[in-house]
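Numbering of residues begins at 1 and proceeds along the displayed sequence.
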Amino acid sequence: QVGFLGERSGARYCEGQVAAMMRRSLSVLALVHLCQAGDVLHPALVRFEDLTNGDLHHEAFELALRKDGLIQIAGLPGFAELRAETLRATHMCITVSPHARRHTFADGTVRRTLAAASGVTFGDQPLEPGSDAEACRSLEGSSQRLRQLIGNAADAFARRLDAVLGLTSAQILRRADGGSYANLEEAVRSGERLEHFHSYGVPDANDTGDEEHTLDFHIDQGLFIAFAPAMMVDDSAIPIASLPSGAFIVRTSEGQEFELALHEDALVVLLGDAAGQYMNRAPPGVSLHVPSHAFRMPRGASGFHRVWYGMMQLPPADAVNEEVGLTFGQIRRQLTRAWSLDGPDAEVVLALGCSHTLQARELAEASCADNQLYCWHRCVNFTEEVSPEACSVQNLGFQCVNQFDQVYVSGHGDFHPECTNSTTPVTPRPPVEQPEGCTGFADLISDAAYANRVALVVDQTYFLWNVVDDKIEGKMVHNGLVGWMAMGLENVGGHHNGMNGAHIVMGRNIPGEAPSIGEYQIHPYATAFRNWKTPLNPSDLQDATMEVTDCFSSIAFKTATIYGRPLNVTSDSNIMIWALTHLDYPTDDFGGYSGYHSAADGDRDKRGNHRGHITLDFTPLEVSAAAMLTPLIAASATMLLAICLF
């Protein structure tokens with residue numbers, strides 16, 4: 001289960017020890033701390049299948065994390081191909097992306113970065129390269145699949161570590177509002193994930209000494225990081241297997257420094273500072289090693305680039321850091337504030353949440369260009385109207401805020417640079433409270449006035465329709481109350497899986513006003529409602545209404561087109577999208593707002609109940625007879641081709 005070894009000094013000794021251990025029927029994994037060939041360390045290699053089904057030598061797994069603090073996970077389905085596809089697209093997209101962050105290291109290495117994030121407070125923040133180039137469209141697709149695959153591996157790692165270390169009943173992180181997270185898996189599922197896609201330009205040989213580290217020894221602040229081994233590419237993103245990707249160096253628990261020899265087709269998981277702080281104090285008193293590590297770029301290969309992807313698993317925002325008495329969410333807000341501080345003040349803030357005298361280096365060393373502001377995980381260019389100088393003339397500060405003039409801290413939202421003196425932090429808007437004890441939804445979806453129906457989410461949301469001449473008479477119904485609800489035609493190939501650029505019918509439930517309904521086209525790139533808030537006028541919808549009762553919500557309309565785009569009414573199928581929100585209510589104030597399609601608590605595991613795709617044939621064979629026989633039918637092969645999340 002351990003993969004090695006190159007022809008380096010010490011390799012024969014290591015191979016001999018492996019053979020001896022195997023003769024004694026011990027796991028090869030237990031040899032990880034012995035497999036050090038000269039100054040090279042070959043980390044433990046475990047199979048994903050063994051990690052998930054429990055067929056793993058627990059003592060060896062624990063020993064690997066005690067001695068070295070990292071493992072490699074092999075056999076992730078499709079990982080090798082997806083890694084290569086994503087890293088190549090990363091470099092090509094970054095070269096044209098206006099949102100890529102740029103940082104120059106002391107050794108002359110220039111790193112450009114695109115970022116994504118997810119979690120309970122971050123929401124689902126996909127890559128936003130700001131470019132419609134083919135490479136960026138490719139990256140958006142492959143990165144989404146890679147993120148999901150590595151997320152599954154991270155969950156499996158946490159689950160197995162709980163079992164190996166006996167943490168299933170321990171309380172490793174206290175919640176600010178009482179109670180605690182019982183184990184690592186629960187903390188991981190409730191935590192946040194920061195994801196970086198880097199492209200490093202190889203510095204010239206004369207820029208600095210060959211042995212100077214590009215990034216000096218440091219410890220990552222999260223529970224752990226999971227990363228794909230780097231790939232070397234040329235300017236055209238063609239992989240160059242013969243070029244070394246630099247040196248990744250770790251310090252073991254004995255204080256020895258070793259360069260890692262990694263399998264390019266294996267995912268690497270490396271423990272972070274939070275794991276050392278909290279898991280090492282949890283019963284039964286484990287002692288995991290959190291490895292300090294450094295990185296050194298190769299030298300003198302101008303025109304080549306090192307491309308890398310990594311995911312940092314952060315603790316939950318409401319978990320308390322016992323050393324400073326703040327939650328991790330509060331610590332992250334103060335780390336963000338440290339960007340505007342210098343000297344001792346910045347050092348104090350950057351040390352929050354880190355054990356001993358460490359600082360949050362992953363934030364301290366990041367930077368934007370001189371004419372940019374770091375705002376919502378990206379670098380945004382100054383403009384003539386909004387810049388430090390332009391704001392100063394107005395006696396205003398230059399800040400990253402949302403449309404409600406609330407200062408960015410973290411989470412999903414619509415943030416942009418603005419001239420403002422606001423000090424108000426982002427606060428959630430009131431959620432859409434859901435009723436209890438309601439009856440009658442079955443009667444609503446079996447309405448005899450409609451011949452056809454399909455479940456978008458069984459027992460929760462349905463679409464009913466008739467074909468009337470060349471038009472669709474449709475009704476979307478939901479078992480509950482919504483801030484808004486919508487259905488329309490996917491923009492196939494558009495950003496966010498066809499959401500951007502889509503033509504939709506949307507009903508908005510603004511408190512104190514009668515519900516409204518209209519035709520909209522979502523902006524091709526900007527997802528925030530304020531960027532596409534103007535409905536089609538005059539509308540081609542007939543008999544269009546939105547109804548919100550004490551228990552249920554619905555929109556109804558008759559049309560042959562949606563925002564000018566024809567529906568396939570009598571032939572062919574229609575690739576549709578739908579969505580609704582419980583998160584909060586919309587408003588026409590503050591430039592217009594309709595919130596994220598989400599549950600009221602923002603739980604990502606529930607997002608499939610609030611958005612989706614469906615391919616419909618409005619005139620299926622014998623659909624009326626099928627509908628009359630089974631009025632609550634969820635789907636029929638003749639009427640439903642596909643349902644998936646977007």
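Ring orientation note: the planes of Phe463 and Trp465 are close to parallel, at an angle under 30° on the 30°/60° scale. Below 30°, between 30° and 60°, or above 60°: for Phe404 and Phe590 the angle between ring planes is above 60°, a perpendicular geometry.
Looking only at atom types and distance, the side chain of Thr420 has no donor-acceptor partner in the side chain of Gln399 under 3.5 Å away.
From Ile472, atom CD1 reaches atom OG1 of Thr561 across 11.5 Å, with rounding to the nearest 0.5 Å. Here the CE-CD1 distance, from Met506 to Ile522, works out to 8.0 Å after rounding to the nearest 0.5 Å. Between Tyr520 atom OH and Arg508 atom CZ the span is 5.5 Å, to the nearest 0.5 Å. Here the CD1-CG distance, from Ile445 to Leu464, works out to 7.5 Å after rounding to the nearest 0.5 Å. Taken to the nearest 0.5 Å, the CG atom of Leu580 stands 5.0 Å off from the OG1 atom of Thr461. With values rounded to the nearest 0.5 angstrom, Tyr309 atom OH is found 5.5 Å from Leu146 atom CG.
Screening Glu433, His597, His478 for a side-chain hydrogen bond (donor to acceptor under 3.5 Å, both in side chains) with His582, the sole residue that qualifies is His478.
Judged purely by atom type and a 3.5 angstrom limit, Asn500 has no side-chain atom pairing as donor or acceptor with the backbone of Gly494.
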Met92 vs Ser138, side chain to side chain contact (heavy atoms under 4.5 Å, CB included): CA-CA, chis, key distance, verdict: CA-CA 10 Å; Met92 292 303 293; Ser138 174; over 6 Å; no
Verdict with supporting geometry, Arg137 and Asp132, side chain to side chain contact (heavy atoms under 4.5 Å, CB included): CA-CA 6 Å; Arg137 295 166 71 93; Asp132 196 36; 2.8 Å; yes
Step-by-step side chain to side chain contact (heavy atoms under 4.5 Å, CB included) determination, Met485 to Met546: CA-CA 9 Å; Met485 59 194 307; Met546 181 180 190; 4.2 Å; yes
Side chain to side chain contact (heavy atoms under 4.5 Å, CB included) between Val477 and Asp447, worked out: CA-CA 11 Å; Val477 295; Asp447 187 346; over 6 Å; no
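Gln434 is listed as a side-chain neighbour of Leu481, based on a closest heavy-atom distance under 4.5 Å. Between Ser553 and Asn509, every side-chain heavy-atom pair lies at or beyond the 4.5 Å cut-off.
Under a cutoff of 6.0 Å and an axis angle of 45°, Arg530 and Tyr593 do not form a cation-pi pair.
For Asp550, the CG atom counts as loosely surrounded, since its 6.0 Å shell holds 12 or fewer non-hydrogen atoms of other residues, nucleotides or ligands.
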